[in-house]
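Take a look at the structure set out below.
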Amino acid sequence: MSEGIVTQAGRGLYTVQTTTGRILPCRLRGNLKKRFTYSETASHVRRVEKVKKLAETDPIAVGDRVMILVAESGTEGVIEEVLPRRKALVRRSGNERERQTLVANLELAVIVFSAAEPRPDLFKLDRFLVLAEDSELEVLIVLNKADLAAPEELTEALAEYRAVGYDILTTSRNTGEGIEALKEKLRGRLSAFCGPSGVGKSSLLNAVQPGLRLKVGEISEITHSGRHTTVRAELLTLEIGGWVADTPGLRQVQFWDLLPEDVAFCFPELAPLMGHCKFPNCRHRTEPACAVRAAVDDKRVSPRRYQSYLQMTEIDSTHGSSTRKLFPS
Ligand SMILES: Nc1nc2c(ncn2[C@@H]2O[C@H](COP(=O)(O)OP(=O)(O)OP(=O)(O)O)[C@@H](O)[C@H]2O)c(=O)[nH]1
Ligand SMILES: [Mg+2]
Ligand SMILES: [Zn+2]
């Protein structure tokens, strides 16, 4: 048996790159689908309990580590075993009863924004950050198109993110600024690029590794068939070691089962305040003796980030849940 990593996953057909560098089309051992269990990261206990009851759309995702049996011909293989998963980026499938793992064993979420064209939307950035925090991923914020003039208020906003503890890298595909530093961050790890369309994700990956020749300046293909959004993820192998997930659908990933009361835990500056409000069920809005509002008043928490928190926890009356609003399509 050989160990490998799944770099492409389609319906029943997978591409596996073995630790020795061979790339093989693989199928899943026939009876394997039925007896899948995954080890979950267990920080949000409630979430894990719910997840266990739901079906998995596809038992294997890109990023999964697998054991394969190579056929005698040497040109294909069979996946015999899936090794325990570490962190994964999960989304609800179009059919809400199912979940879909976009990328398994993800180590770093690279959230790309641009100084201009398109203008940085900090509320959107906050949503990506909450998503990454909820999945307990390490985050790197990349501010691309540093060659263009940024809105004035961006400098202050970046300082706020740094104060919260986020790592921010300024890059430009045009001047080459920050590309080497970005390479170092990606080296030897499994990362995923996410962020709004047009900010330069593909351009940056091409700068990191010119051989990739990713299409630039084109709207990524997302197929809408009925209520189901098809998302095809693929892992790109980096020459410097490591993999990058190129997943068009990451742009509109929805939070998997994130409850409004869990959102504050996904703001690193609000999490330590939890449990310090007068009311245990405080929603940090108009309640008296709220530790969050006190921190905003004292400027310990940025008012803009607080606004973001409020937006994300607004109850969406049409759906009875806040989660759908987090990434409105
Ligand atoms: N000025 C400037 N333009 C850039 C930079 N990086 C990318 N661009 C341009 O921005 C546009 C969009 O770049 P893409 O790499 O296609 O953006 P993307 O994030 O991959 O977009 P989607 O695939 O739609 O999500 C292209 O016209 C690029 O030439 C940069 O650093 N500076
Ligand atoms: Mg792109
Ligand atoms: Zn409160």
Side-chain angles (χ1 to χ4, degrees), residues 102 109-121 124-125 128 140-151 154 169-182 191-210 212-223 229 231-234 236 244-253 260-265 267 269-298 300-301 303 305-306 309-310 312-313 327 329:
L102 292 173
V110 181
I111 305 176
V112 185
F113 271 72
S114 53
E117 298 171 25
R119 193 174 210 284
D121 179 344
K124 207 179 237 177
L125 172 57
F128 278 109
L140 172 68
I141 299 174
V142 169
L143 182 75
N144 190 37
K145 308 201 189 184
D147 53 292
L148 303 178
L154 193 66
L169 195 61
T170 307
T171 60
S172 166
R173 192 273 322 260
N174 290 16
T175 66
E177 178 184 348
I179 302 298
E180 279 306 311
L182 178 60
S191 45
F193 273 46
C194 40
S197 186
V199 295
K201 298 180 294 294
S202 304
S203 304
L204 283 174
L205 285 172
N206 284 337
V208 164
Q209 187 166 318
L212 290 176
R213 298 213 189 114
L214 299 174
K215 285 180 186 166
V216 161
E218 291 182 22
I219 304 292
S220 314
E221 340 64 67
I222 300 168
T223 319
T229 305
V231 178
R232 287 182 134 243
E234 186 177 350
L236 307 168
V244 173
D246 175 34
T247 309
L250 282 183
R251 237 194 338 272
Q252 44 163 32
V253 164
E261 57 266 39
D262 285 341
V263 172
F265 287 97
F267 280 73
E269 70 272 52
L270 301 185
L273 303 173
M274 295 302 103
H276 290 86
C277 302
K278 182 174 176 191
F279 298 107
N281 61 348
C282 186
R283 292 172 62 230
H284 324 301
R285 289 173 178 266
T286 52
E287 294 87 344
C290 167
V292 168
R293 291 184 55 97
V296 175
D297 291 343
D298 294 356
R300 278 176 288 136
V301 164
R305 286 270 291 171
Y306 176 61
Y309 164 81
L310 291 178
M312 282 183 226
T313 52
F327 276 89
S329 40

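What's counted below: heavy atoms across the whole structure, side chains too, no hydrogens, waters or symmetry copies. Note that the coordinates shown come from a computational prediction; the quantities given were computed from them, not determined experimentally. Each ligand, and each atom within it, is numbered from 1 in the order the structure gives. Counting begins at 1 with the first residue of the sequence.
Under the 4.0 Å criterion applied to side-chain N and carboxylate O atoms, R305 and E269 are assigned as salt-bridge partners.
Ligand 1 has no N or O atom lying under 3.5 Å from any N or O atom of A146, backbone or side chain.
Using bins of under 30°, 30° to 60° and over 60° for the plane-to-plane angle, the ring pair Y309/H284 lands in the tilted bin.
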#### Entry: Residue pair V244, F193: steps toward the side-chain contact (heavy atoms from CB on, under 4.5 Å) verdict
CA-CA 7 Å; V244 173; F193 273 46; 3.8 Å; yes
### Query
Stepwise, does the side-chain hydrogen bond (donor to acceptor under 3.5 Å, both in side chains) test hold for T313 with R285?
CA-CA 10 Å; T313 52; R285 289 173 178 266; 2.8 Å; yes
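Proximity of L204 to ligand 1, defined as any heavy-atom pair under 4.0 Å, is not found for any part of the residue. Here L148 has side-chain heavy atoms under 4.0 Å from ligand 1, and that is the only part of it that gets that close.
Between the side chain of N144 and the main chain of S114, no donor-acceptor pair closer than 3.5 Å is present. Here the side chain of K201 pairs no donor or acceptor atom with the backbone of C194 at under 3.5 angstrom. For E287 (side chain) and R283 (main-chain N/O), a donor-acceptor pair under 3.5 Å exists by modelled atom type.
Closest heavy-atom approach to atom 17 (O) of ligand 1 among the candidates G200, S202, A207: G200. Of the candidates G178, G176, P118, S203, S203 brings a heavy atom nearest to atom 13 (O) of ligand 1.
For ligand 1, the atoms lying closer than 4.0 Å to a non-hydrogen atom of K201 are 15 (O), 17 (O), 18 (P), 19 (O), 20 (O), 21 (O), 22 (P), 25 (O). Taking every heavy atom of V199 and a limit of under 4.0 angstrom, the matching atoms of ligand 1 come to 17 (O), 19 (O). Close approach of ligand 1 to D147 is summarised as follows: ligand atoms under 4.0 Å from at least one heavy atom of the residue are 1 (N), 2 (C), 30 (C), 31 (O), 32 (N).
Geometry note: the Zn ion (ligand 3) is the vertex, H284 ND1 and C277 SG are the arms, and the angle is 100° (rounded to 10 degrees).
From I111, atom CD1 reaches atom NZ of K124 across 13.0 Å, with rounding to the nearest 0.5 Å.
For a distance bound of 2.8 Å, the N, O or S atoms of S202 include one lying that close to the Mg ion (ligand 2). At a threshold of 2.8 Å, the Zn ion (ligand 3) has a backbone or side-chain N, O or S atom of C290 nearer than that distance.
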